[in-house]
Amino acid sequence: MIDQLMCKKAFLLSKELVWAPLVLFLTWLLLTYSYFHGYSMGINQDNTYMYLPLFSLASRVFNAGEYPYWASSLLGGLPLYNSPQFTLDYPFYLLHLNIWSTAEEAIRATQYVVLFHYLILLINSYILMRALSLAPLAAYVGAIIGAFSANITDYMGMMTLIAPYSWLPLVIGSFVFMMHRERRIIGCFLCILSMAMLVLSAPSLPFIHCCFIGGVLVFCYSIICLWRKSYRELWAFALAIGVAGICSFAILSPYLISELTSLSGFIRWVGEAPPLIGHDRIPFHLFLLGQLSFLDLLQVVFPAGRRFLIGNPYLGMPVIMVALLALLQIKKQPIHIVWVVLAIWGLLSSLGANAGMAYFNYHIPFVNLMREPVRHLYVFGFCMSILAALGVDLLITSYRQRSRELLTKYYRLASLVVVAFLITSLYLLKAETSSLIIVLSSLALVSLIVFTLSSGILRGATLLIFTVILLVNTILPYPLKKEPIAQGDYYTAWNLKSHKILQELSRLEDIKDYRVIFEDQTHSQKWSMNASYYEIRTFNVYFNPLPYKQFTQMYYHGYQYANWRELLGAKYAVCEQCSDWIKGNFILLRELEGYKIYKNDRALPRLNVINQLYGQYSKEAEFYIKINNGYDFRQEIFAQDTNFKTLQAHLGGQKIQASASCRLENKLITYNKIQLISNCERNEILLFNEYYSDDWQVRINGKAIETYEVNLNQLAIPLSPGSAIVEIEYRPRVFANLRLFSQIMASVLSLCAAIYFWFRIKVIFNKERTHES
C-alpha cells in the first residue's frame with residue numbers, strides 16, 4: 001500500500017515538474033519554430049530606433065564593467081536609470097551578454113528575447129491555472145489561450161510589453177496561492193519574485209493592469225472572508241500580502257523612487273495635442289484614442305479582418321461557449337466572480353465613451369494614465385482565458401464523475417449560444433469572414449452538445465475533439481506574425497545609408513570631444529538614435545517621455561538662438577537639404593551618400609579651461625538674449641547670479657586678459673568617469689560641457705568639491721594652482737545606494753527561500769520514511 005502511494009506521488013510530481021514543462025516547451029517550439037529561420041517579430045520602428053540603440057549602449061557599458069546610468073550620446077546626456085520605459089537591471093533582457101553590439105546583432109537579439117518571453121508567459125499562465133486547482137488539461141488550454149490569443153500576438157515584437165505581461169499571470173497566481181493556508185509561504189515568495197520581474201522589465205502600463213487585477217481580486221477575497229466570518233484566514237492572507245508587498249518594494253525601491261520623483265520634470269507626447277508636463281492629466285478627448293465601437297464587439301466571436309490601434313478582441317466562439325460554462329461553478333467558488341466582473345470591465349472599457357466606461361476610468365488613479373481604451377482588452381482576454389480553463393475543467397470533472405447534472409443547466413445556456421451564433425454568422429457572412437472559422441465554431445458547438453448527451457468512449461472523444469477545435473480556432477485566425485528580417489526598418493535604404501555615414505563620422509579624431517547636428521526633416525531623431533551605436537554625441541533623441549527642461553534647452557531652443565549650439569559643442573553637421581544657418585556658419589568638409597558633412601571650428605570642446613567671467617544671469621530667458629547677441633564663449637562664461645560672486649572670488653575678482661594657464665592631460669576616460677591631471681599656474685575654471693546634474697560628482701586629489709552651474713547647463717569646476725588629479729563621475733547617489741540595498745535584500749530573500757524549500761523537502765522526505773517504517 002505504501003509502495004503504491006509512493007508511486008502515485010512520484011507520478012504526480014513527475015507530471016508537474018517534468019511532463020508539464022516538456023509539453024509546454026514543445027507547444028511553444030511548435031508555434032514559434034519558423035521564427036528561428038529568417039523571420040522576425042521585432043522589426044517595428046520603436047524597437048529599431050528607440051529600444052535597440054539604448055540596449056546596445058547599456059550592453060557595452062555593462063561589458064566594460066560599469067553601470068549605464070546615462071547615455072552621453074543623446075540630448076546632451078540622457079539619464080537612463082530613471083526611465084519609465086524599462087529598467088537596465090532586468091536579467092532577461094540579457095544586457096550583460098555581448099549580443100547587442102551592432103544594430104544588426106541587436107535585431108537578432110530582440111528576436112530571441114521576445115520568443116523567450118512567450119515561453120515565460122506560457123509557463124506562468126499554466127502555473128496560474130494550476131494555482132486555481134484546475135486539471136492539467138484545463139490548465140494547458142487556459143495557458144494556450146492566455147499566451148497565444150489574438151490580443152497577445154498583436155503585442156508581438158514589443159519587448160517592453162510582452163516582457164512584463166509574461167510575468168503578470170504569475171503575480172496573480174501568487175495571490176491565489178496565498179489564499180490557501182498550506183501554499184501561503186510559497187505564494188509569498190512567488191509574489192516577490194514575479195512582481196520584481198514585472199516591474200524591472202517595464203514599470204509602466206502592464207504594472208497598472210497587474211495592480212488593478214490584483215487589487216480587485218484581493219478586495220473580493222476579503223469580502224468573501226468577512227461574509228464567511230473567516231477572520232483568521234483574512235488576517236493571515238493580509239499579513240502575507242503585506243510581507244510580499246514590503247519585500248517587493250524594498251527590492252524595487254531604487255527604480256520606483258527614482259522614476260516617481262523624476263516624473264514631475266518629464267514631458268510626454270500624447271499624439272496630436274500639446275505635450276503634457278509633469279503630472280498634467282491627459283485631456284479627456286485623448287483618453288478615447290482608438291476606442292472600439294459596439295459593432296467591433298462582433299469580432300470577439302469571429303474575425304472580420306479589421307486592424308485596431310493596438311490589441312485585438314478576438315477569442316472565438318468555442319472560447320465563449322466554454323467560458324460561459326464557468327458560470328455554473330460560481331456558487332461553489334464565489335471568488336471566480338472576479339474573473340467575470342473583470343472580463344466585462346475590460347470589454348466595456350475598450351469601448352471607451354461608447355459604453356460610458358471612459359467617464360468612470362478617467363477618475364481611477366493610474367488607470368487614467370492609459371489613453372488608449374483598447375489596451376484594456378488585455379484584461380478581457382486574460383480573464384476569459386481563466387474562465388475558459390474553468391469551463392474545460394468542469395467538462396473534465398463531469399466526464400470523470402460520469403455526472404449528468406450538467407445537462408439540464410447547459411441546455412438553457414446552449415440555447416443562448418446558438419442564438420448568438422446564428423446572429424453573428426449572418427453578420428460575418430456579409431463581412432466575408434473565413435468559412436473555415438464558421439465550420440470550426442459549428443463543430444465545437446455540436447461536439448459540446450454531443451458531450452452532454454453521450455457517455456463512455458464517445459463522451460471522452462467529443463471532449464478531446466472540442467478541446468482541439470477550441471485551440472485551433474483560437475490560434476488559427478491570428479497566428480504569430482511572420483515578417484522577413486530583411487523587410488525590417490534596419491534594411492531600408494535610408495537607414496543603411498545613415499549607418500554608413502555615421503561610421504565615417506566615428507573615424508574623425510576629435511568626434512567624441514564635440515557634438516553633431518543632424519538636419520533632416522523626416523529622420524533627425526532617428527539619426528541621433530543610430531549615432532548612439534557609434535558613441536557620437538548629438539542634440540536629439542527618439543524617446544517618450546523625456547526630461548522637459550533638458551529637452552527644451554538642448555534641442556528646442558538650439559534652433560532659435562545664434563551661438564547656442566556652438567557653445568554646446570556643435571562642431572559637425574550632417575544634412576541633405578542644408579539650412580542657410582549651417583551654410584553660413586560651417587565649412588563643407590565632404591559629401592557622402594547624398595549628404596553633406598560640415599565643420600565649425602568655433603565649437604566649444606567637452607573640456608575647456610577658462611579664467612574670465614563675462615557676466616551673470618538670473619533667468620533662462622535673459623541668458624538666451626545674451627548668448628544670441630554673441631560673445632567669446634571659448635574664453636568666458638556666464639554664471640548664475642547665485643554663483644557669480646563665488647566664481648569671481650575664485651578668479652580674484654578681476655578679468656584676466658591672458659589666456660588660461662592650465663594644462664590638461666587625460667588619464668582615464670570611461671563611460672561614467674573622466675580622470676585627468678591638471679597643472680595650473682593660478683586659479684582657473686574647468687568648464688565641463690555636459691548637461692548639468694546633481695548626479696555629477698567631482699573629486700580633486702580624492703576630495704569631493706562643489707561644482708557650479710554655468711552657461712545655463714554646464715559644469716564649472718574650480719581649479720587651484722599646482723598639479724592635481726581631477727575625477728569627474730556620473731553617479732546618482734540615491735539610486736546607487738538604494739540599488740545596493742536592493743541587491744542585499746534580494747540575496748537575503750533568496751537565501752530564505754532556499755532554506756525554506758530545503759526544510760520543506762526534508763520534512764516531506766522524513767514523513768515518507770516514517771510511513772515506510
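- For I469 against P318, the heavy-atom pair with the smallest separation is CG2-CG, 4.5 Å.
- Here the closest non-hydrogen pair linking A139 and R130 is CB-CD, 3.7 Å.
- Partner Y314 forms a side chain to side chain donor-acceptor pair (under 3.5 Å) with one of T153, T474, N473 and no other, that one being N473.
- How far OG of S166 is from CG of L119: 10.0 Å, rounded to the nearest 0.5 Å.
- Residue A103 comes nearest to Y490 through the heavy atom pair CB-CE1, 3.4 Å, listed as atom of the first residue, atom of the second, then distance.
- In terms of the salt bridge (charged side-chain N to carboxylate O under 4.0 Å, His left out) criterion, R371 has no residue partners (sequence neighbours excluded).
- Within the 4.5 Å cutoff, no side-chain heavy atoms of L94 are placed close to those of F116.
- Proximity of W19 to L22: side-chain heavy atoms (C-beta onward) are separated by under 4.5 Å at one or more points.
- Sorted pairs that involve residues 380-396 and meet salt bridge (charged side-chain N to carboxylate O under 4.0 Å, His left out), not counting sequence neighbours, are lacking altogether.
- Considering only residues two or more places apart in sequence or on other chains, I475 meets the side chain to side chain contact (heavy atoms under 4.5 Å, CB included) condition with L31, I144, F148.
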Step-by-step side-chain contact (heavy atoms from CB on, under 4.5 Å) determination, T110 to M159: CA-CA 8 Å; T110 306; M159 284 188 297; 3.6 Å; yes
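- F466 contributes atom CZ, which lies 9.5 Å from atom CG of L471 (distance to the nearest 0.5 angstrom).
- For G146 against I152, the heavy-atom pair with the smallest separation is O-CG1, 3.4 Å.
- For F86 and F55, the distance between ring centers is under 6.0 angstrom.
- With hydrogens and angles disregarded, no donor-acceptor distance shorter than 3.5 Å links the side chain of Y362 to the backbone of F287.
- Of the possible polar contacts, none joining the T48 side chain to the Q45 backbone as a donor-acceptor pair under 3.5 Å is found.
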Would you tabulate the side-chain donor-acceptor contacts of residues 374-389 under 3.5 Å, counting partners in other chains and residues two or more places apart, or write 'none'?
{"unit_1": "R375", "atom_1": "NE", "unit_2": "E372", "atom_2": "OE1", "d": "2.8"}
{"unit_1": "H376", "atom_1": "ND1", "unit_2": "H209", "atom_2": "NE2", "d": "3.2"}
{"unit_1": "S385", "atom_1": "OG", "unit_2": "F382", "atom_2": "O", "d": "2.6"}

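- A heavy-atom distance below 4.5 Å is not found between the side chains of M357 and S350.
- Minimum heavy-atom separation, S248 to M195: OG-CB, 4.0 Å.
- N354 places a side-chain N or O within 3.5 Å of a backbone atom of L292 that can act as its donor or acceptor partner.
- The side chain to side chain contact (heavy atoms under 4.5 Å, CB included) test applied to S201 returns Y90, Y93, A163, P164, not counting sequence neighbours.
- When the shell of 6.0 Å around CZ of F757 is examined, it contains more than 12 heavy atoms from other residues, nucleotides or ligands.
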Test side-chain contact (heavy atoms from CB on, under 4.5 Å) applied to Y118 and L122, step by step: CA-CA 6 Å; Y118 265 97; L122 186 61; over 6 Å; no
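- The structure places CG of L470 at 13.5 Å from CD1 of I465, a figure rounded to the nearest 0.5 Å.
- In this structure, L26 places its CG atom where more than 12 heavy-atom neighbours from other residues, nucleotides or ligands lie under 6.0 Å away.
- Partners of W28 according to the side chain to side chain donor-acceptor pair (under 3.5 Å) rule, which considers only residues two or more places apart in sequence or in another chain, do not exist here.
- For residues 139-151, the side chain to side chain donor-acceptor pair (under 3.5 Å) pairs, not counting sequence neighbours, are T27-Y140.
- Between the S56 side chain and the L52 main chain, no donor and acceptor come within less than 3.5 Å of each other.
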Assess whether side-chain contact (heavy atoms from CB on, under 4.5 Å) is satisfied between L168 and Y165, documenting all intermediate values. CA-CA 5 Å; L168 190 149; Y165 275 132; 4.0 Å; yes
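- Not one N or O on the side chain of Q85 forms a donor-acceptor pair closer than 3.5 Å with the backbone of T160.
- When side chains are defined from C-beta on, L161 counts as touching P206, because their heavy atoms get closer than 4.5 Å.
- The side-chain heavy atoms of F308 and D296, taken from C-beta on, include a pair separated by under 4.5 Å.
- We find the CG-CZ distance between L369 and F366 to be 7.0 Å, quoted to the nearest 0.5 Å.
- When the side chain to side chain contact (heavy atoms under 4.5 Å, CB included) test is applied to Y112, the partners found at least two apart in sequence or on another chain are F36.
- A salt bridge (charged side-chain N to carboxylate O under 4.0 Å, His left out) check over residues 162-172, counting only residues at least two apart or in different chains, returns nothing.
- Rounding to the nearest 0.5 angstrom, the gap separating the CG atom in L54 from the OG atom in S59 is 12.5 Å.
- Distance CG/L115 to CD1/I162: 10.5 Å, rounded to 0.5 Å.
- Using modelled atom types, one finds a donor on one side chain and an acceptor on the other under 3.5 Å when comparing S349 with N361.
- Closest non-hydrogen pair, P169 versus L121, comes out as CG-CD1, 3.9 Å.
- Between F237 and V218, some side-chain heavy-atom pair lies under the 4.5 Å cut-off.
- Side chains of L325 and V322 form a contact here, defined as non-hydrogen atoms less than 4.5 Å apart.
- In this structure W339 satisfies the side chain to side chain donor-acceptor pair (under 3.5 Å) test together with H336, sequence neighbours excluded.
- Between M179 and L217 there is a side-chain heavy-atom pair separated by less than 4.5 Å.
- Applying the salt bridge (charged side-chain N to carboxylate O under 4.0 Å, His left out) test to every pair with at least one member in residues 105-129, sequence neighbours left out, gives these pairs: E104-R108.
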Applying side-chain contact (heavy atoms from CB on, under 4.5 Å) to I330 and L327, what does each step give before you reach the verdict? CA-CA 6 Å; I330 288 178; L327 299 176; 3.8 Å; yes
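- D154 contributes no side-chain N or O that, together with a main-chain N or O of I310, makes up a donor-acceptor pair within less than 3.5 Å.
- Under the side chain to side chain contact (heavy atoms under 4.5 Å, CB included) criterion, S133 pairs with R183, sequence neighbours left out.
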